[in-house]
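The sequence lines fix the lettering, A, B, ..., with proteins before strands; numbering per chain opens at 1.
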Protein chains: 2
Amino acid sequence: MARKPVQQRAKATVDAIVEAGFIAMAERGPAATTTRQIADIAGVGVGSLYEYFENKEEIFRVMSERFVADTIAMIQPLIPTIVRKPIKEAVLDLLGHFRDFLQANNERYLKCARYAMALDFEQHVEPLQKTLSELVTQYLMHHPETLKIRNIPTMSYIMINGGIYSVVRHLCDPAPPITFDELAGGLADMVSHYTEREMALVSP
Amino acid sequence: MARKPVQQRAKATVDAIVEAGFIAMAERGPAATTTRQIADIAGVGVGSLYEYFENKEEIFRVMSERFVADTIAMIQPLIPTIVRKPIKEAVLDLLGHFRDFLQANNERYLKCARYAMALDFEQHVEPLQKTLSELVTQYLMHHPETLKIRNIPTMSYIMINGGIYSVVRHLCDPAPPITFDELAGGLADMVSHYTEREMALVSP
DNA sequence: CGCTTGTTCGGATTCAATTCGGAAAATTTA
DNA sequence: TAAATTTTCCGAATTGAATCCGAACAAGCG
């Protein structure tokens, strides 16, 4: 950000610009959105964009940050109830909320997720990964019998990355080969079967 | 492609342009490569780019297509040996080859994969998904006992998408939280545990 | 060799991103 | 409240990359 907004008025324009960025991106995709469009939607002169953002990229960056922050804010309050559920139900619950979240507001965040994964994807989603890792940790602590499972960090990595990607990919696909419920059920089975098999192996 | 090359000379230019695209993209990433750079590396005038490509995007599109075609060409000959191996070995084998392939030529294809997944990812990688689905089908036919597993299409979808993404993501990450071998082993365990557990459930 | 068709090129054009300097609004100071 | 100062806003001008275009050059062909 080139300059910090100090007056209330300026904070409002910054918000309007970011909001306009979401609208423009949802309409035409990130590649096709121009600074002029964003400015017009925001009801602001083009020059104003550069008062608070270094360049167009930074607008997208802030949008991604807001998206990740909102995702975390969506997940955090779910944690206490999720960690008390059986594994399969827990996964289904989380995925259902995630889908609803991505599809809200004309799929605003779904489009954002698609873009966020494209460039510098490690930078932006890292806090989200951390939150999900914490969710896994808390889950394990509420189910002590699962602590015997080997390779927990590896499995977290796979399920978090693979899960997020599969879901985003599926929701973006206009003609997916399977339904969302099948996908969610499959991911839940994948996790539950893995844990069951691991526990059987470790303590026969 | 605006026009088809008919003479040998023209085919060579098209090849040089695509090749230059790979080199430029590997050097600076897709966003930072300009038409001028591609033309210079190819030893060709800027105008020549537009004889055979509608625009810069199309150069990237052709690159993605070549990448996917090469990936398939890499996997096809592996199928006969892979389908005869135990599941865990089979997955490890496939992932090892995939990693080597992505990292060859100064990670040319790894960078390409990252880009291919960004825009229109369903279009480009679809043939690859089909090939991998066939691999799964053939594998199942060589191991008739696994045919009892439920939700095979769903599980293919998850493992193919989640697996490709996890691997690409991991290889792009300069400081990954786990090693590649851990990731590969984890994916192999995920698949094998799932099949084992499913088979135990279906025929106890 | 003339003729036609295919190919190459780089300057000219177009269009979006970014800059900049001054006007308007808000805030502070006296 | 009025002047001074700071903050905000703007849109015409600049910049640079993408794309177009028509002349010049090569290849095939009778």
Side-chain angles (χ1 to χ4, degrees), chain A residues 1-64 111-112 115 118-120, chain B residues 1-64 111-112 115 118-120:
Chain A
M1 231 181 249
R3 197 160 57 80
K4 284 266 180 257
V6 325
Q7 297 177 4
Q8 194 54 43
R9 181 170 64 133
K11 283 178 187 129
T13 49
V14 170
D15 268 355
I17 290 167
V18 176
E19 180 68 16
F22 277 118
I23 293 169
M25 175 136 110
E27 272 176 4
R28 303 161 174 273
T33 63
T34 69
T35 53
R36 186 83 50 151
Q37 280 169 18
I38 294 175
D40 285 350
I41 294 171
V44 142
V46 259
S48 298
L49 303 187
Y50 295 88
E51 291 293 329
Y52 307 104
F53 300 93
E54 277 301 328
N55 49 39
K56 192 170 70 160
E57 278 304 297
E58 199 182 0
I59 299 176
F60 289 133
R61 225 196 55 212
V62 171
M63 285 162 59
S64 288
K111 279 147 188 163
C112 204
Y115 177 71
L119 259 304
D120 303 334
Chain B
M1 231 178 250
R3 196 159 58 80
K4 284 267 181 255
V6 327
Q7 298 178 2
Q8 193 55 44
R9 183 169 62 132
K11 283 178 187 129
T13 347
V14 171
D15 267 355
I17 290 167
V18 176
E19 179 67 16
F22 276 118
I23 293 169
M25 176 136 109
E27 272 177 5
R28 303 161 174 274
T33 62
T34 69
T35 53
R36 187 82 49 151
Q37 281 169 18
I38 294 175
D40 286 349
I41 294 171
V44 140
V46 257
S48 298
L49 302 187
Y50 294 88
E51 291 295 327
Y52 306 105
F53 301 92
E54 278 301 328
N55 49 38
K56 192 170 71 160
E57 277 304 296
E58 199 183 359
I59 299 176
F60 288 135
R61 225 196 55 213
V62 171
M63 285 163 58
S64 287
K111 279 147 188 165
C112 205
Y115 178 74
L119 260 305
D120 303 334

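- Within the 4.0 Å cut-off from OP1 or OP2 of dA17(D), not a single side-chain nitrogen or oxygen of T35(B) is found.
- Set against dA26(D), dC10(D), dA17(C), the side chain of V44(A) has dC10(D) as its closest nucleotide.
- For dT19(D), the OP1/OP2 oxygens have a side-chain nitrogen or oxygen of Y50(B) closer than 4.0 Å.
- Of the two residues near DNA chain C, T33(A) and S48(A), the one whose nearest nucleotide lies more 5' is T33(A).
- Partner of L49(B) under the side chain to side chain contact (heavy atoms under 4.5 Å, CB included) criterion, out of T13(B), V14(B), T35(B): T35(B) alone.
- For the pair G47(A) and Q8(A), both in contact range of DNA chain D, the more 5′-proximal nearest nucleotide belongs to Q8(A).
- Between the CE atom of M25(A) and the OG1 atom of T33(A) there is a distance of 8.0 Å, given to the nearest 0.5 Å.
- Per the geometry, CD belonging to E54(A) stands 12 Å off P belonging to dC20(C), to the nearest Å.
- What separates CG of N55(B) from C1' of dT13(C) is a distance of 17 Å, to the nearest Å.
- Nucleotide dC10(D) holds its C1' atom 11 Å from the CZ atom of R9(A), rounded to whole Å.
- At whole-Å resolution of the value, CD1 in I59(A) and P in dA17(C) are 10 Å apart.
- Atom C1' of nucleotide dC10(D) and atom OH of Y52(A) are separated by 12 Å, given to the nearest angstrom.
- When rounded to the nearest whole Å, the span between CG of L49(A) and P of dT8(D) equals 15 Å.
- A straight line from CZ of F53(B) to P of dA17(D) spans 21 Å, rounded to a whole angstrom.
- Straight-line distance from the CD1 atom of I17(B) to the P atom of dT19(D): 13 Å, rounded to whole Å.
- DNA chain C is contacted by both R36(B) and K11(B); K11(B) maps to the nucleotide lying nearer its 5′ end (nearest heavy atom per residue).
- Of the candidates dA12(D), dT27(C), dT19(D), dA12(D) carries the atom nearest the V46(A) side chain, counting heavy atoms from C-beta on.
- The nucleotide whose nearest atom lies closest to any side-chain atom of T34(A) is, among dA17(C), dT8(C), dT7(D), dA17(C).
- A distance of 7.5 Å separates CD in E27(B) from CD in Q37(B), rounded to the nearest 0.5 Å.
- Between atom SG of residue C112(A) and atom CE of residue M63(A) there is a gap of 5.0 Å, rounded to the nearest 0.5 Å.
- Comparing dT8(C), dT18(C), dT8(D) by their closest approach to the side chain of Q7(A) singles out dT8(D).
- You'll find the side chain of V18(A) stays beyond 4.5 Å of the side chain of Y52(A), heavy atoms only.
- A donor-acceptor contact under 3.5 Å is not formed by the side chain of E51(B) with the base of dC21(D).
- Residue R3(A) places its side chain closer to dT7(D) than to any other of dA17(C), dT7(D), dA18(D).
- Here the nucleotide nearest the side chain of T13(B), chosen from dT8(C), dT7(C), dT19(C), is dT8(C).
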